[in-house]
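Letters A, B, ... mirror the listed sequences (proteins, then strands); counts begin at 1.
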Amino acid sequence: MEAGVTPEPTPPDPSPDAPANPADPPAAAAEPDEAAARAAGLPDAARRKFMHRVYNMTLGFWVLAGIAGTGYTAARYVWPTKEGESTGGERTVTFPKKELDDETMVKVLVEGKPVGVFRAADGVHALSLVCTHLGCLVNWNPDAGLMICPCHGSRYEPSGQVVQGPAPLPLKAYDVRVSGDTVVVG
Amino acid sequence: MFGWKRKGPEQAYRGVGMAAMINALSLLTGAMYGELDERLDFRTALQRALRKPVPRHVNFWFCFGGITFLIFMIQLVTGIALLLYYRPTVEQAYHSVVNITNNVPFGWLVRGFHHWGANLIMVVVMIHALRVFLYGAYKPPRDFNWVVGALLMFSLLLFGFSGYLLPWNELSYWATVVGAEIPGAIPWIGDDLAYFIKGGDTVGQLALTRFFAFHVVIMPLCMMVLLGLHFLMIRRLGIAGPL
């Protein structure tokens, strides 16, 4: 490192406890006649050093606390959560009962996820349309009375239970009720 | 220049606290200390940059340009954070913003910072411009820095306008519908300009996509170029003299 670019040490002045008088001699020059300085009522070097250290430690504490707090907040924010992944959309979906009478199955989005509402032998059901095998959208087959996946032939009961593989899990069932002229899902 | 010396006992070292902090940080992290610093000498450069002496007449009102930049940096960081959860489609934009506010941990905080930062930066930048005006700091040789500053303020307004649409609620939708009428009032080219901005006759998905691209990519890049010029010029030409 060249002499010309040697980092300058932090200037000792103005320290928080030193009087802000530019006429004061620098701290280094004051050290030899410490007794004289004490006699003149000036704070001694040890006290000054201590105050300086307290100042730096206080500063360091708040800097570290700030870094830790910001880091924690950022990590919590960035880390994916179950609630955070919600694709949006409404939690409950309402549509006229007439649609259910006209079509074999009504597709709605509950919280952004596709849900099929259909009439089976034992009443109205609402099932997630996402096949638990590989995520294709299943169809309601009124003749068979089953949900059938077009991709790999998984079959589900109106309750969502698997009748025939390769689906590993039942379809998620949603609450559905018919009140008056409307159907409420979710 | 303007009656202030480069060095002297009366010279105020306002960067002392900052220099101490940088020293402490470089000691703690080791990044600007030891072998790496011996090769690259970041510390000296940083200390030289931060411990630049400022003239005596520099007071609190000179800080607002720096505060504006601080808020801009906050907007940059929180904006990137919001991008992790925001979805720019007409079906999902509003729900994703509600999701950020209600479900994502500290999402309310990040969105709050971005929202209030956007409001506050306009206040702070106005004070900055007013200070420069009242001190006559726009006069030569700093006249071109005033021009760049004016461009920056106009960019900030466009920044705010494009960001206002993104939550896609009633307020932002109608604000954009009304706001898009303003360029529409320009003679000759107004109708075409409004059509270009909205991406159609009405504010729809294309408008949202356009405003999103504008707010998230185009404006930040323009701002960075302009800010670079702004800072280069203030360092080159120095701070204006006292009243």
Beyond-backbone contact of A/T81 with B/N103, side-chain heavy atoms, under 4.5 angstrom: no
Crowded around B/Y94 OH? As in, over 12 foreign heavy atoms under 6.0 Å? no
What residue in B/N102, B/V97, B/V110, B/L84 has the most heavy-atom pairs under 4.5 Å with chain A? B/V110
Going through the distances and angles, do B/L82 and A/Y77 end up as a side chain to side chain contact (heavy atoms under 4.5 Å, CB included)? CA-CA 10 Å; B/L82 289 172; A/Y77 178 84; 3.9 Å; yes
Whether over 12 other heavy atoms sit under 6.0 Å from A/F118 CZ: yes
Return yes when atom CZ of B/F231 has more than 12 non-hydrogen atoms of other residues, nucleotides or ligands closer than 6.0 Å, and no otherwise. yes
